[in-house]
Amino acid sequence: FRVRQLSMMAGVFQAPDIVVRDLRGDVRYIGDSVALRGLNLQLPVSRIDGDLTYHVAAGDVDLDLTSDTLSLAEMRPLLPQLPERGGGRVDLQATIRDTGTSVYDFRNANLIMGQSRVAGRLGMAVNSESFELHDTDLRLTRLTTELFERLVPEVDTRVAGAFTGT
């Protein structure tokens, strides 16, 4: 079936709720999976397009999303470690697994968080025992160790400073 227009207050893992101004797309049931195709999501600031598939039995999610206007504050209910201010654009292709290794590929990123800027591509694989980078080509401008530790809480740089370069 097709969702022509849907607005809601979406209660997710962490308060506050996500304000959905408009959601459009095709919903398909494929075996034990629910897929949203041609997704168009409009939040108060963020605009996100793409596809999402939820594999019910496994608890896994496949994402292929593009955002040319992304507010990090609006993403905090999903990822509380994100800064309260900042945003930009990013494409995301990901397989998020309930158990096992989740794989993320952030492409065409251009994000600004205060004085910090991150641009380029970041690929990573994450599970309960390891964190692996792959296909990564980033340009960093004043990415502070404080912000880095906030984004990756498992890392303790033990020094105050900032990264700039590729």
Exercise for the section: Side-chain contact test, heavy atoms from C-beta onward, threshold under 4.5 Å: evaluate it for His55 versus Ser33 and give yes or no. Expected result: yes

Fill in the blank from the handout: For Leu39 and Leu65, the nearest pair of non-hydrogen atoms, with its separation, is CD2-CD2, 4.0 Å

Problem - Arg76 side chain to Leu82 backbone, donor-acceptor under 3.5 Å - result: yes

Practice task
To the nearest 0.5 Å, tell me how far Asp51 CG sits from Gln93 CD.
Solution key: 10.0 Å

Taking distance alone, no hydrogens or angles, what donor-acceptor pairs closer than 3.5 Å link side-chain atoms of residues 158-166 to residues at least two apart or in another chain?
residue	atom	partner	partner atom	Å
Thr164	OG1	Arg142	N	3.0

Handout entry: hydrophobic_cluster_shared for Val126 and Val103, side chain cutoff 4.5 Å
Key = no

Handout entry: Point-to-point distance, once rounded to the nearest 0.5 Å, from OG1 of Thr101 to CE of Met124
Key = 12.5 Å

Exercise for the section: Report the C-alpha separation of Arg85 and Leu72 in whole Å, then their side-chain angles, then the decisive distance to 0.1 Å, and conclude whether the side chain to side chain contact (heavy atoms under 4.5 Å, CB included) test is met. Expected result: CA-CA 6 Å; Arg85 293 189 203 115; Leu72 297 180; over 6 Å; no

Problem - Closest approach of Ala94 to Tyr104 (non-hydrogen atoms, all atoms of both residues) - result: CB-CD2, 3.8 Å

Practice task
Look at atom CD of Gln81 and say whether more than 12 heavy atoms of other residues, nucleotides or ligands are closer to it than 6.0 Å.
Solution key: yes

Practice task
May I ask whether Ile96 and Val90 are part of the same hydrophobic cluster, defined by side-chain heavy atoms of I, L, V, M, F, W, Y residues being less than 4.5 angstrom apart, directly or through others?
Solution key: yes

Problem - Nearest atoms (heavy-atom pairs only) where Val20 meets Ala10 - result: CG2-CB, 4.4 Å

Practice task
Please tell me if the side chains of Ser67 and Leu92 come closer than 4.5 Å, counting only heavy atoms from C-beta onward.
Solution key: no

Practice task
Using the side chain to side chain contact (heavy atoms under 4.5 Å, CB included) rule, take Thr144 and Arg150 through it: C-alpha gap first, then chi angles, then the decisive distance, then the call.
Solution key: CA-CA 10 Å; Thr144 66; Arg150 178 178 178 160; over 6 Å; no

Problem - Donor-acceptor pair between Thr53 and Arg37 side chains, under 3.5 angstrom - result: yes

Completion exercise
Rounded to the nearest 0.5 angstrom, the CG-CD1 distance for Leu43 and Ile48 is 5.5 Å

Practice task
Please confirm whether the backbone N or O of Val45 pairs with a side-chain atom of Glu74, one donor and one acceptor, at under 3.5 Å?
Solution key: yes

Practice task
Please answer: with hydrophobic residues joined when any side-chain heavy atoms are less than 4.5 Å apart, are Val19 and Met75 in the same cluster?
Solution key: no

Exercise for the section: Using the rule that two of Ile, Leu, Val, Met, Phe, Trp, Tyr join whenever any of their side-chain heavy atoms come within less than 4.5 Å, decide whether Phe1 and Ile30 are in one cluster. Expected result: no

Handout entry: Ser102 side chain vs Arg97 backbone, donor-acceptor pair below 3.5 Å
Key = yes

Problem - Polar side-chain atom of Arg117 near backbone of Met113 as donor-acceptor pair, under 3.5 Å - result: no

Problem - Smallest separation among heavy atoms of Val118 and Leu143, with atom names - result: CG2-CD1, 4.3 Å

Fill in the blank from the handout: For Arg107, the salt bridge (charged side-chain N to carboxylate O under 4.0 Å, His left out) test, sequence neighbours excluded, returns Asp105

Problem - Side-chain (Asn110) to main-chain (Ala119) donor-acceptor, under 3.5 angstrom - result: no

Fill in the blank from the handout: The reported gap from CD in Gln5 to CG in Leu23 (rounded to nearest 0.5 angstrom) is 9.0 Å

Handout entry: Check: Arg47 side chain, Asp68 main-chain N or O, donor-acceptor pair, under 3.5 Å
Key = no

Fill in the blank from the handout: The reported gap from CZ in Arg2 to CZ in Arg28 (rounded to nearest 0.5 angstrom) is 8.5 Å

Practice task
Report yes or no: do Tyr29 and Tyr54 belong to one cluster of Ile/Leu/Val/Met/Phe/Trp/Tyr joined by side chain heavy-atom distances under 4.5 Å?
Solution key: yes

Practice task
Ignoring hydrogens and angles, tell me if any N or O in the side chain of Asp17 forms a donor-acceptor pair with the backbone of Met9 under 3.5 Å.
Solution key: no

Practice task
Could you check if a side-chain atom of Thr66 sits within less than 4.5 angstrom of a side-chain atom of Asn108, using non-hydrogen atoms only?
Solution key: no

Problem - Gap between atom CG of Leu63 and atom CG of Leu52 - 0.5 Å precision - result: 5.0 Å

Exercise for the section: Return the minimal non-hydrogen interatomic distance between Asp98 and Ala58, and the atom names on each side. Expected result: CB-O, 3.4 Å

Practice task
Without swapping roles, check the side chain of Arg24 against the backbone of Arg4 for a donor-acceptor pair under 3.5 Å.
Solution key: yes

Practice task
Provide the closest heavy-atom pair for Gly120 versus Leu138 in the form atom of the first, atom of the second, distance.
Solution key: C-CD2, 4.1 Å

Problem - Ser46 side chain to Ser71 backbone, donor-acceptor under 3.5 Å - result: yes

